[in-house]
Amino acid sequence: MENQVPLNKDAYIKMMKQQFNDSPDLICKTFESKHQTIIIHFVNYQVKKDYLERDLLEPLTTSRRPWSVHDLQNKIPLASSKTENSIKKITNDLIHGSVSVYIEGEPDVVLFALPNLESRALNRAETESLVFGPQISFTESLVTNLNVVRWRLDTDDLVVEKVILGERIKSEARIIYLKSLANDENVNTMRQRLTDLVVDEVEDTSVLSQLIEDSSSSVFPQLITTELPDRFCNSISKGRVGVMLDKSPTVLVGPMSFFEFFESTEDLYVRWNMGTFIRFLRFLAMFISIVLTPMYVAALTYHYEIIPASLLISLGQSRATVPFPPVIEALLLEMLIEFLREAGARLPTKVGQTMGIVGGIVLGQAAVKAGFTSNILIIVIALSALASFTAPSYLMGSAIRIIRFPMILLAGAWGLIGIVFALSFLVIHLLKQKSLGRPYLAPIYPLELRDFNDAIFRSTFQRNVKRPKYIMTKDKKRFDKTKAVEKNDVDPV
Amino acid sequence: MNANITVTKSQSVRAFYLFFIIHTIQIGAGLMGVPRILFLEAGSDAWVSILIGGLYIHFIAWIMILILREYENADILGIQCDLFGAFFGKLMGCIFIIYIFFILLSVIRNYIEVVQVFIFPEIPIWLMTLFLLFLMIYCVSGGLRVVIGTCFLFFFLTIWLVFTIYTPVTYMDWGHFLPVFQSSPLEILKGSQKMTYTVLGMEVLLFVYPYIENKKKIAVPVHLAIVLTTFLILLVTVVSIGYFSDYQLRETVWATLSLFKIVSFSIIERFDFIAVAIWMMVIIPNIVLFCWILLHSVKRMFNFQGKRSLYVIAVFLFIGSILFEYRMSVNQMTDLTAQVGFYLVFVYPLFLYLVLQVRKIWRKRRAS
């Protein structure tokens, strides 16, 4: 058998070398005593050396008795040990940070797992920052992330399923949900999509979400990728299904509805009226961001009549020197904003800030002075750019920013008709989308009026007695209504 | 052809969506010009015509529901085949298909007409048709759920237009209605008949019925939808009669849209541009539902599957839309469709119900 561990030590050493393509990182150490020969293999940077020396090498070298496989497993003070007789599997384990101990003449090799995982410490969230609330963000290490989730969701109800993704380069993924809440169909869909995946490699959860999403041609994200543990755990405890991937600092949650992309966990941390207000502000911002610039273009190109006379004069004055039609003017400025954003994102933080000032203030001022654009357009564009950044989900914000360009073109070509056409298309498009097979526009369509409480605005927690229906949790009720409102005051009147 | 359709739970929708389906399919191109049409027939007593018409629509809706309740889960196509045999049933089905095709065409053409009059005199007909057909194909290819969702959402996206009618209301002259009952009863009844073009589309109930989840609850949403439709028609007609003078109203083809002309906000001077553009959102549920009926009927009667028949319908609509080049021919087509529609939607169900009852009695006798 090619794959079996040979009984001869030279053959074994040769075989291992071959398996590792003569890699210089494979360390091979041979201990020869009177009775037997012991060979230890490990990959140089993959194992924790101090543990290796203290807990494995020392007992091996100091003991005078001959070692057997049984002794190795029982007398070495390392928690994880196992025996293996296939060279392939041994190789695989060595890559992942195990130490193999081979005793000449024995068909089994003992493996001790001593992985030395590189990971950074838990840091503050960068892309989705909260003003108020928990500040930690996930890291690239799956183990750390799982640790955080276990810490936040302290219940034996939590199910963590292991899935291996990637045909050539494997990475470990976990499906996470609450057994007593999450809808079985959702869990099955998620598991099905993950296990059906046939790709060389899954680089990141954002890639994974694109791979398993319902419609890959849409600009709208259908699953939420977040780096915030509190957001992730909040979704899980609402009854959704989460996916974690090793090597990726973000996690996936689904199924999601369109409106949840405008939701931030901060809405929960501030008081309910404030939270509702902020949430509505975001919806308004999205609408303004999509419609404002196209409206400007449409009104100035075709429908002068809809602009009030007093405004028309100042508009006319500021546009008098502009040599372009409004579409070109608007596209130029939108491009400028996009360049600024992209440059700011790529440059180091300190330079980025300077860029913002130079680009925003200097270029904007100069453009108006030079008669390139009108003052009012600068306001319009800045407003809609600003509004697009209010979306708590980065992907949703980008989607909104992209939608603007075809809208401006349509407005430039066919005025208001173009805008209404684009908006209608958008609404129908959203209607057709699904997230893990669930309707994307829930709870508006299919209508669940009671769920507005949770998805569209936010009311007091005491009033939120029932779980949202559209998530289809197994347990329908959150708590007993009377118990939540009742307060056992010390001094009843 | 089997009279009953088997529908899985994921295909069906709850009964209250019928409110939006019936209402949005009734309100469409017709509402834009209905005040003048009724005024020409019944003069300042048009509101009586509307009330009578409204009552009659309720009656027909009641008959329709009675017919549908006779079967377990059937649509009109299946019922016809069951009652008249395969050949005549399919023939009637074909008449329905042709009628719905033309009503769909007239909705599209009338809206394009309005866009040309109000916003873009030079916009080519084929381009506007392409816009509408593109949205139609995109929506209908998503299936009935998306179609109903479109009706539902677009209802809320457009219903606020009603409130802008407040400004014209303040300019109304109630003297225009006096003296009451100038017109003869016959004229008033003729007005009621003319009103039917506006409220055509109610036949959708006969097609969509198998896909309703809780069939016992359908009566309330259907009648509520009719109430709202009648109310809207009444509102725009009354306001138009009060707002425009006799002569003006006779000359104003799209009276409802002309009402928007004096509506203005602090940042929008002429609201009618926006109203006409947004009217596209009123039209879309119409187009989409009628197209779904067409697609559904073709599929059910001739077993044409898949998207190909949808594209074929779109191509026919496109050709039809280009062929009707002039206002006069559009008008003629609209009038003809309205007449056929009147008999098909507001008379035919009575006949159908009669036949059903006769057969029931006959069967009972034979059994005993």
Side-chain angles (χ1 to χ4, degrees), chain A residues 185 214-215 217-218 258 287-288 291-292 294-296 298-299 301-313 315 376 380 410-411 413-434 437-449 456 469, chain B residues 10 13-14 16-17 20 111-112 115-116 118-120 122-124 127-128 130-132 134-143 145-154 156-158 213 261 264-285 287-288:
Chain A
E185 249 175 79
D214 298 61
S215 158
S217 54
S218 174
F258 176 69
F287 184 71
I288 284 179
V291 165
L292 200 60
M295 274 303 274
Y296 172 89
T301 317
Y302 297 105
H303 319 293
Y304 275 102
E305 298 93 329
I306 67 172
I307 305 169
S310 48
L311 185 63
L312 196 61
I313 294 168
L315 248 179
I376 291 170
V380 166
L410 279 169
W414 296 292
L416 281 170
I417 294 290
I419 295 178
V420 176
F421 168 76
L423 285 179
S424 306
F425 177 78
L426 215 59
V427 172
I428 298 175
H429 177 77
L430 284 174
L431 266 171
K432 286 181 87 169
Q433 296 314 306
K434 293 199 157 170
R438 300 278 180 219
Y440 193 47
L441 276 190
I444 283 197
Y445 183 77
L447 184 71
E448 288 297 345
L449 267 182
I456 313 290
K469 214 172 167 188
Chain B
S10 64
V13 293
R14 278 172 288 167
F16 79 92
Y17 286 113
F20 302 99
Y111 179 63
I112 294 174
V115 170
Q116 285 180 328
F118 278 81
I119 308 184
F120 290 125
E122 273 107 39
I123 197 166
L127 186 74
M128 274 305 290
L130 274 189
F131 274 162
L132 294 172
F134 174 76
L135 289 177
M136 180 189 90
I137 293 174
Y138 188 63
C139 178
V140 176
S141 62
R145 283 187 76 90
V146 175
V147 168
I148 292 174
T150 309
C151 299
F152 175 69
L153 284 183
F154 281 57
F156 287 106
L157 290 176
T158 53
E213 215 171 74
K261 279 196 176 176
S264 70
F265 300 100
S266 55
I267 46 163
I268 298 165
E269 183 112 336
R270 283 274 301 278
F271 187 69
D272 57 326
F273 281 85
I274 292 181
V276 170
I278 285 183
W279 207 270
M280 191 199 269
M281 290 187 168
V282 180
I283 298 295
I284 286 166
I287 299 175
V288 162

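Naming convention: chains lettered A, B, ... in sequence-line order (proteins, then strands); numbering from 1 in each chain.
With a threshold of 4.5 angstrom between heavy atoms, Tyr17(B) approaches chain A through side-chain atoms but not through N, CA, C or O. Using a 4.5 Å cut-off between heavy atoms, Leu312(A) makes no contact with chain B at all. Leu132(B) does not touch chain A: none of its heavy atoms, backbone or side chain, sits under 4.5 Å away. For Tyr138(B), the parts lying near chain A are the backbone and the side chain together; criterion is any non-hydrogen pair under 4.5 Å. Looking at Ile419(A), there are no atoms closer than 4.5 Å to chain B (heavy atoms on both sides), in backbone or side chain. Heavy-atom distances place the backbone of Ile267(B), and not its side chain, under 4.5 Å from chain A. Neither the backbone nor the side chain of Val276(B) comes within contact range of chain A, judged by heavy atoms closer than 4.5 Å. Only the side chain of Val13(B) comes within contact range of chain A, judged by heavy atoms closer than 4.5 Å. Looking at Leu157(B), the atoms closer than 4.5 Å to chain A (heavy atoms on both sides) all sit in the side chain, from C-beta outward. Only the backbone of Ser266(B) comes within less than 4.5 Å of a heavy atom of chain A; no side-chain atom from C-beta onward does. Neither the backbone nor the side chain of Leu311(A) comes within contact range of chain B; no heavy atoms are under 4.5 Å apart. Interface residue Leu135(B): backbone and side-chain heavy atoms are both found under 4.5 Å from chain A. With a 4.5 Å cut-off on non-hydrogen atoms, Phe271(B) does not touch chain A at all.
The shortest side-chain heavy-atom distance between Arg270(B) and His303(A) does not fall under the 4.5 Å cut-off. The closest side-chain heavy-atom distance from Met295(A) to Ile274(B) is below 4.5 Å.
For the pair Gln116(B) (side chain) and Ile123(B) (backbone), a donor-acceptor distance under 3.5 Å is present. For Arg14(B) (side chain) and Leu447(A) (main-chain N/O), a donor-acceptor pair under 3.5 Å exists by modelled atom type.
The minimum heavy-atom distance between Thr150(B) and Cys139(B), with the atom names listed, is OG1-SG, 3.0 Å.
Contacts of Trp414(A) classified as ring-ring contact (aromatic ring centres under 6.0 Å, His included), with partners at least two apart in sequence or in another chain: Phe131(B). In terms of the ring-ring contact (aromatic ring centres under 6.0 Å, His included) criterion, residue partners of Tyr440(A) (sequence neighbours excluded) are, by chain and number, Phe258(A).
Between chain B and the options Ile307(A), Val420(A), Ile306(A), the largest number of non-hydrogen pairs under 4.5 Å is found for Ile306(A). Between chain A and the residues Phe16(B), Phe265(B), Phe156(B), Phe152(B), the largest count of heavy-atom pairs under 4.5 Å involves Phe152(B).
For the pair Glu305(A) and Lys261(B), the salt-bridge criterion is not met [side-chain N within less than 4.0 Å of a carboxylate O].
Side-chain atoms of Ser218(A) and Lys432(A) include no donor-acceptor pair closer than 3.5 Å.
Atoms CG and CD1, from Leu431(A) and Ile148(B) in turn, are 11.0 Å apart once rounded to the nearest 0.5 Å.
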